[in-house]
Amino acid sequence: MRLSRYYLPVLKETPAEAQIASHQLMLRAGMIRQESAGIYAWLPLGFRVLKKIEQIVREEQDRAGAVEMLMPTIQSAELWRESGRYEAYGKEMLRIKDRADREMLFGPTNEEMITEIFRAGVRSYKDLPKMLYHIQWKFRDEVRPRFGVMRGREFLMKDTYSFDADRDGARRSYNKMFVAYLRTFRRMGLTSIPMRADTGPIGGDLSHEFIVLAETGESAVFCDRRLLDLPVPGADADFDADLQPVIDRFTSYYAATEEKHDAAEFEAKVSPGERIAARGIEVGHIFYFGEKYSAPMRAMITGPDGKDRPVEMGSYGVGVSRLAGALIEAYHDDAGCKWPVPVAPFHVGLVNLKQGDAATDEACAKAYAALVAGGIEVLYDDTPARPGEKFARMDLIGLPFQLIVGPRGLEAGKVEVKRRADGRRDELAPDAAVDMVKRDVMNALKV
Ligand code: 5CA
């Protein structure tokens, strides 16, 4: 992509309305634009990050055995009356009337709709287990939308729903999602900590929030430091095996959000040197709620004994749009974003220091073609801006690699590679630079 054709409206000043780094940087780097309170347009650069996050989430859901589908954003009130949540959900629900005066709503979550879909198609325990998911926009009329995409009113969520014949099956499904979440966040470069959590309006008696530690996080959290070093299952994890040992390992250490925190237990179980009392960002939340929706909505299955019973369910959410903010909170410095390769909007920023200089233009064109041919995503700064402005803009948008090409270097047969993560710089021949970047990007993308 040539920057001269792209749409990258970067801001020089930090917008006054943004309080935390991720919100400030998303606005400054031209990733998002606020259209109403808590409602954002995703500009081209932000959109690419969102798609990268979404794709990692999708790949790990598929690996765990969940099946993708798509449900609508608009739902009927009737459906929510069946579960009893239409009144209970209160003011957070955006209620809409169509031209025939029918009551509709913009979905804040999809338990009712998926239960309706399931009951229409499945009758027997022989058809179970099933896990279905979609990645769709949700709307919650939050009292205090804030911190940009971190707490939006309209936000993108991945929500999975599991259906099992009995409690033991439901536990296995829950465990699959538990492991899939550990893997999903790790692939993005985040260390997530599963914590005992409150179930709120979703309900149920078992639930974990997946928390990424960050000073600007909205939740107060308490946990054992050793959780940060636990190994996360690899890409060869067997999701058909019983994953309980992995879950047991993670849940054997103390970890709870404020609502579930028990100070006495924390002090008894965790030595002072291992105690973390900090703030965190909730990037995912998983729930087991059994028959909470299937019983009132009559989603029944026939068991091996010939008797009908409500199907056992759980639901599992990932904050896809929130993750864009969470990633910046974890990866930035004073100059801007520092994207990990798997979620970077482009892998490489190619900086032409003297646009219009024949030798420089030609070297850039050659490097660009070679990188693109190698499957590398390149944003080529082919604008006439001055070098200082180009460097500042590249640092701000935070692509993992900068390939810097100028007439002086070329005379000596050299270009420069800068790594945004640690600032390391290497000067080398253009072909060698391209090869190095290609190799390092591909290594970082290994799953
Ligand atoms: N139905 C269940 C699981 S599918 C559910 O809705 N869970 S939830 O309420 O915990 O939301 C799932 C995830 O969506 C949260 O962990 C969080 O990462 C994200 N999320 C929730 N509310 C918002 C919001 N207002 N803005 C951005 N992300 C949000």
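Residue numbers start at 1 and run along the sequence shown. All of these numbers come straight from a predicted model, not from anything done at the bench. Indexing begins at 1, ligand by ligand and atom by atom, following the structure's order.
- Contact residues for ligand 1 (protein heavy atom closer than 4.0 angstrom to any ligand atom): Thr109, Glu111, Arg140, Glu142, Val149, Met150, Arg151, Gly152, Phe155, Met157, Asp159, Ile202, Glu282, Val283, Gly284, His285, Phe287, Ser315, Tyr316, Gly317, Gly319, Arg322.
- Counting only N and O atoms by type, the side chains of Glu329 and Thr216 include a donor and acceptor under 3.5 Å apart.
- For the residue pair Gln55/Arg58, the side-chain donor-acceptor check at 3.5 Å is satisfied.
- Applying the ring-ring contact (aromatic ring centres under 6.0 Å, His included) test to every pair with at least one member in residues 224-259, sequence neighbours left out, gives these pairs: Tyr254-His261, Tyr254-Phe266.
- Remark: Lys338 engages Tyr331, Asp333, Arg420 in a side-chain contact (heavy atoms from CB on, under 4.5 Å) (not counting sequence neighbours).
- Partners of Glu103 by side-chain contact (heavy atoms from CB on, under 4.5 Å), not counting sequence neighbours, listed by chain and number: Ala77, Arg81, Tyr86, Lys97.
- Considering NZ of Lys12 and CZ of Arg28, their distance stands at 9.5 Å, rounded to 0.5 Å.
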